[in-house]
Structure formats: structure tokens, C-alpha cells
Amino acid sequence: MTLVGVLAGLVAGVVVGAVLALALARRRPVPPPPAGASVEEPPPAADVIDALPVALAVLDARGSVVLANRNAVALGVVRADRLLVAELRDLAVDVRRTRTHSEVEVEPTPSPLKRLPEAVRVRVVPVGEQGHVALLVEDITEVRRVDAVRRDFVANVSHELKTPVGAMALLAEALCGASEDPDAVRRFSSRLQREASRLARLVQELIDLSRLQGAEPLPEASVVPVDRVLAEAVDRTRTTAAARAIELVRGGERGLRVDGSEAQLVTAVGNLLENAVHYSPEHTRVAVAARRRDGAVEITVTDQGIGIADKDLERVFERFYRADPARSRATGGTGLGLAIVKHIVTNHGGAVSVWSIEGSGSTFTLRLPPSTSTSPLLSAGAAARTPREESA
Ligand code: ADP
């Protein structure tokens with residue numbers, strides 16, 4: 001049952017009471033409690049109605065608004081004693097006549113004067129015996145947006161999964177047909193392996209992403225030495241960089257610390273380094289550095305690669321967005337790397353940004369809040385435990 005549905009039952013009773021209470025209150029003042037008596041006054045009905053998370057409006061038998069809470073005005077449903085949405089006026093007439101509940105989703109006519117919701121869910125209920133009708137209106141703009149994003153995501157995932165699975169089916173068929181030709185068998189089986197690892201990576205990244213979007217953003221939060229994060233991320237990228245004769249350089253300040261999950265931060269910096277290597281020509285340089293700037297810890301990954309066009313800059317952090325799908329696919333990209341980076345950094349209270357010039361290179365910057373821990377021991381110990389960092 002919807003929020004509006006649940007509230008409708010509750011509110012119908014409250015509304016009848018409130019309408020009567022407000023009408024009576026106008027006629028006679030509430031007598032003061034007798035001296036010495038400890039009487040707990042309920043809050044005024046109008047305040048309770050204003051505090052409801054939905055918009056509420058009550059119409060009398062002539063269709064005039066006799067009660068409206070703050071949300072009803074804010075959502076653009078009523079102005080003074082008028083119901084602004086024509087479709088709702090008709091619905092209220094129907095409900096009054098048939099005395100049955102009704103629920104609809106309506107898209108209010110856009111107004112140049114006011115920012116209205118894109119869509120609202122309205123439940124209309126008859127209240128009392130005098131022909132009153134209550135309207136409970138819920139803004140469902142966000143619900144609809146989330147639904148659309150979810151549908152889009154499922155469609156994208158299905159498409160992304162179908163590609164390697166389809167390729168594997170074709171390669172397996174080709175393998176069967178080439179059983180007499182050892183060269184062809186080797187060629188097909190190595191392509192089969194490539195597609196299988198692409199599929200495995202895609203599934204793993206989808207699992208990572210759904211965990212990052214889950215309710216517990218930082219299950220194993222602790223003080224994290226940034227030196228160790230960079231050393232580990234560089235270490236993971238070393239083989240791919242060496243295969244393309246790309247030099248990995250480490251610079252910046254030492255001894256910085258942030259609070260969070262070391263494993264997640266290594267994944268974030270590792271994804272940036274991997275991209276920097278994948279989207280750079282051979283014999284270039286990729287640099288990773290950490291420094292303190294404007295009260296934050298900044299980690300930058302800079303490459304001399306193909307860069308990103310202005311039109312794509314805004315979108316590269318979206319799931320499955322690729323500036324050049326063919327190139328991404330050729331490097332085994334899943335289109336999820338930067339979405340994962342963004343989620344990790346957001347979960348750490350930070351932000352990620354990108355600066356790039358097409359054809360010259362890119363710089364991705366992670367900004368993270370510095371650790372709030374004051375323990376000097378941890379930082380010194382952690383720095384001493386990073387023997388590999390100088391070799392990057
Ligand atoms: P992918 O798996 O395709 O690399 P990402 O989410 O990691 O997915 O990146 C999204 C897109 O952003 C890439 O397909 C690529 O077009 C672009 N991109 C990311 N990093 C870089 C970079 N360092 N240089 C140029 N383009 C990049």
C-alpha cells in the first residue's frame with residue numbers, strides 16, 4: 001500500500017475531527033484547565049495537519065477548499081479556497097457523488113511562476129456526512145525518476161551481459177568446428193578466455209557497485225594512510241603499465257591520512273590509474289600524487305593520453321557511459337570504473353572531478369576530508385610500513 005493509501009485511512013478520521021474542531025474553535029474559545037489540574041493539551045489540529053508529509057486539502061459540498069495544509073500550497077494544489085488542478089476538481093465531484101475512494105496519478109500543468117512537481121499521486125476520500133471530500137497528494141517526481149533510472153540500468157546491464165555471452169557462444173561453436181586445426185583452436189580459446197574474464201569482471205564490478213550503493217557505506221572504516229593507498233594502487237597497475245611501456249610516477253606529500261575503507265580507496269585510485277594507462281599511448285607517463293589543499297586531502301592521477309572531449313566530461317562518471325565504446329571494449333573496459341570511483345569518494349564524504357584536454361591528457365582529482373584522528377603513532381607507523389612506495 002502507498003504512503004498516501006496508509007495515511008488516507010488515518011487522515012480521514014483526523015480530518016473529520018479537525019474540520020469539526022476548527023469549526024467549533026471559531027465559535028467558542030477552549031476553556032482554560034482548572035487551576036492545579038495537570039491537563040496535557042494535544043497540539044492544535046492545524047499544526048498536526050501542517051506536519052503531515054503529504055499535501056492535504058478538504059473541500060466542502062460546493063467544492064471550495066475549507067482546509068489545506070502547508071504542503072498543499074507548496075505543491076501547487078490549492079490557492080486560497082480554490083483547487084488548482086482541473087482533473088482533481090472533477091475527481092472530487094465524482095467521489096462526493098459515489099462516496100467511494102479514488103486514486104490517480106496526475107502531471108500538474110507546468111507553471112512559469114512556481115516550481116511544481118512533475119507528477120503527483122492523489123487519493124480522494126469522502127469524509128463525514130456533509131459532502132466533504134479530502135485529497136491527499138504525494139509528490140512522486142523522485143519515485144518516477146528512480147524508477148526510470150532503474151529501468152535504464154537493468155536494460156544496460158542486460159545489454160552488457162549479452163555481448164560477452166553471445167561472443168562466447170560463437171567462439172565455442174567455432175572451436176568445435178576447428179578441432180582439426182590446432183592454430184585456430186589456440187586462437188579461439190584465447191579469445192574465449194578474454195571474453196570470460198570480461199564477463200567475470202563485469203559481474204564483479206556490478207556486485208561492487210551494488211554494495212557501494214547499499215545501506216552501509218563504510219563497513220570497515222578506520223584511519224587510512226594515503227601513502228599506503230597510493231603504493232598499493234600503483235602496485236596493482238604496474239604490470240599493465242609495463243606492458244605498454246608507460247612510466248608510473250609517484251609524487252606529492254607524504255604522511256597524509258584520511259578516514260575510511262583502505263580497500264575501497266585502493267580500488268578508487270587503482271581504477272583511475274588503470275584508466276590513465278588504458279587511455280594513453282605507449283611510452284608516456286602517468287603520475288599519481290597526494291597533497292593537502294584548502295583543508296582537504298587531494299589525490300590526483302594525471303596522464304598524457306587521449307583526453308576527453310568537453311561534451312563527454314560531464315558524463316564519464318555515469319554508469320556504462322563511454323566516450324569511445326570501441327576503445328573501451330578493446331581494453332576490456334566495463335564502463336563502470338568511474339561510477340565506482342564516484343560512489344567510493346562520495347561514501348567517504350569527498351568528491352571527484354576531472355580536467356582534460358582532448359589529445360593532451362587528463363587529470364582526475366579525488367578530494368577527501370582529512371582524518372579527524374589525532375593519533376601520531378598510527379601515521380608514523382603506517383608511513384614506515386610502505387617500503388615499495390619509492391619505487392613507483
Ligand atoms: P571504462 O571501463 O570504459 O574505462 P570508466 O567508467 O572507467 O569505464 O570510464 C568511462 C569512460 O571515460 C571511458 O570509456 C573513457 O571514454 C573515459 N575515460 C576514463 N578515464 C579516462 C582517461 N584517463 N583518459 C581518457 N578517457 C578516459
Side-chain angles (χ1 to χ4, degrees), residues 149 152-153 156-157 159-164 167 194-213 230 233-234 236-238 240-241 243-250 264-289 298-347 351-366:
V149 169
D152 213 35
F153 181 61
N156 273 328
V157 169
H159 175 77
E160 295 289 335
L161 288 173
K162 253 164 62 187
T163 312
R194 240 191 359 252
E195 292 299 334
S197 45
R198 209 163 100 84
L199 188 59
R201 188 166 164 202
L202 179 61
V203 170
Q204 185 55 51
E205 292 198 345
L206 282 170
I207 293 170
D208 290 349
L209 201 57
S210 77
R211 282 211 185 113
L212 286 166
Q213 291 169 329
L230 300 199
V234 164
R236 286 189 191 177
T237 324
R238 214 183 284 284
T240 335
R244 317 204 54 227
I246 288 175
E247 188 187 356
L248 289 176
V249 187
R250 258 200 73 188
Q264 286 189 13
L265 291 171
V266 170
T267 301
V269 179
N271 284 1
L272 293 182
L273 282 173
E274 216 169 280
N275 279 349
V277 169
H278 280 151
Y279 298 105
S280 291
E282 294 186 354
H283 303 285
T284 53
R285 189 182 252 211
V286 168
V288 59
E298 261 187 19
I299 299 173
T300 50
V301 174
T302 304
D303 64 57
Q304 302 170 315
I306 59 171
I308 303 167
D310 282 351
K311 69 174 175 50
D312 298 314
L313 270 182
E314 284 287 306
R315 303 199 56 192
V316 287
F317 295 100
E318 289 173 22
R319 295 175 298 202
F320 298 119
Y321 188 82
R322 298 156 168 119
D324 178 351
R327 176 151 190 158
S328 162
R329 214 149 272 142
T331 60
T334 59
L336 294 176
L338 289 180
I340 289 176
V341 172
K342 188 171 177 178
H343 274 286
I344 291 176
V345 178
T346 309
N347 287 357
V352 55
S353 57
V354 55
W355 175 92
S356 185
I357 294 183
E358 221 179 343
S360 296
S362 315
T363 296
F364 284 82
T365 304
L366 310 183

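Numbering of ligands and ligand atoms starts at 1, following listing order.
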(message) If we set the cut-off at 4.0 Å for heavy atoms, which region of Val316 has an atom near ligand 1: side chain, backbone, both, or neither?
(response) both

(request) Closest by any non-hydrogen atom to atom 9 (O) of ligand 1: pick that one out of Val286, Leu338, Val301. (result) Leu338

(message) Closer than 3.5 angstrom, by distance alone: can the side chain of Thr163 be matched with the main-chain N or O of His159 as a donor-acceptor pair?
(response) yes

(request) Quick one: look up the protein heavy atom nearest atom 26 (N) of ligand 1 and list residue, atom name and how far away it is. (result) Ile308 CG1, 3.3 Å

(request) Please write down residue, atom name and distance for the protein heavy atom closest to atom 3 (O) of ligand 1. (result) Ser328 OG, 2.5 Å

(request) Check whether any side-chain heavy atom of Leu272 lies under 4.5 Å from a side-chain heavy atom of Leu338, and answer yes or no. (result) yes

(request) May I ask you to test the Tyr279-Thr331 pair for a side-chain heavy-atom distance under 4.5 Å? (result) yes

(message) I need the atoms of ligand 1 closer than 4.0 Å to a non-hydrogen atom of Thr334, numbered in the order shown.
(response) 2 (O)

(request) Evaluate the side-chain proximity of Leu202 to Arg198: yes if any heavy-atom separation is below 4.5 Å, no if none is. (result) no

(request) Mark yes or no for whether Arg319, through its side chain, and Val157, through its backbone, hold a donor-acceptor pair below 3.5 Å. (result) no

(message) Distance under 4.0 Å to a non-hydrogen atom of Ser362: what atoms of ligand 1 satisfy this?
(response) 24 (N)

(request) For atom 10 (C) of ligand 1, find the nearest protein heavy atom and state the residue, atom name and distance (0.1 Å precision). (result) Tyr321 O, 3.3 Å

(message) Can a donor-acceptor pair be found, under 3.5 Å and without considering hydrogens, that links the side chain of Asp303 to the backbone of Ser362?
(response) yes

(message) Considering non-hydrogen atoms of the protein only, which is the closest contact for atom 8 (O) of ligand 1, and what is the distance?
(response) Gly335 CA, 3.1 Å

(request) Report the nearest protein non-hydrogen atom to atom 24 (N) of ligand 1: residue, atom name, distance rounded to 0.1 Å. (result) Tyr279 CB, 3.4 Å

(message) So, 4.0 Å and heavy atoms of Phe364: is ligand 1 close enough to count as a contact?
(response) yes

(message) For Arg322, is there any backbone N or O sitting under 3.5 Å from a side-chain donor or acceptor partner on Arg327?
(response) no

(request) Tell me which protein heavy atom sits closest to atom 23 (N) of ligand 1, plus the residue, atom name and distance to 0.1 Å. (result) Asp303 OD2, 2.9 Å

(request) Please say whether Gly337 places an N or O atom under 3.5 Å from an N or O atom belonging to ligand 1. (result) yes

(message) Would the distance check show the side chain of Arg285 and the main-chain N or O of Val249 forming a donor-acceptor pair, the cut-off being under 3.5 Å?
(response) no

(message) Quick check: Asn275 and ligand 1, any N/O pair under 3.5 Å apart?
(response) yes

(request) Output yes when the distance from some N or O of ligand 1 to some N or O of Gly333 is under 3.5 Å, and no in every other case. (result) no

(message) Just checking Glu247: does its CD atom have more than 12 heavy atoms from other residues, nucleotides or ligands closer to it than 6.0 angstrom?
(response) yes

(message) I'd like to check Leu336 versus Leu206 (side-chain heavy atoms, cut-off strictly below 4.5 Å). Are they in contact?
(response) yes

(request) Could you say whether the N/O atoms of Ala323 and ligand 1 ever approach to under 3.5 Å? (result) yes

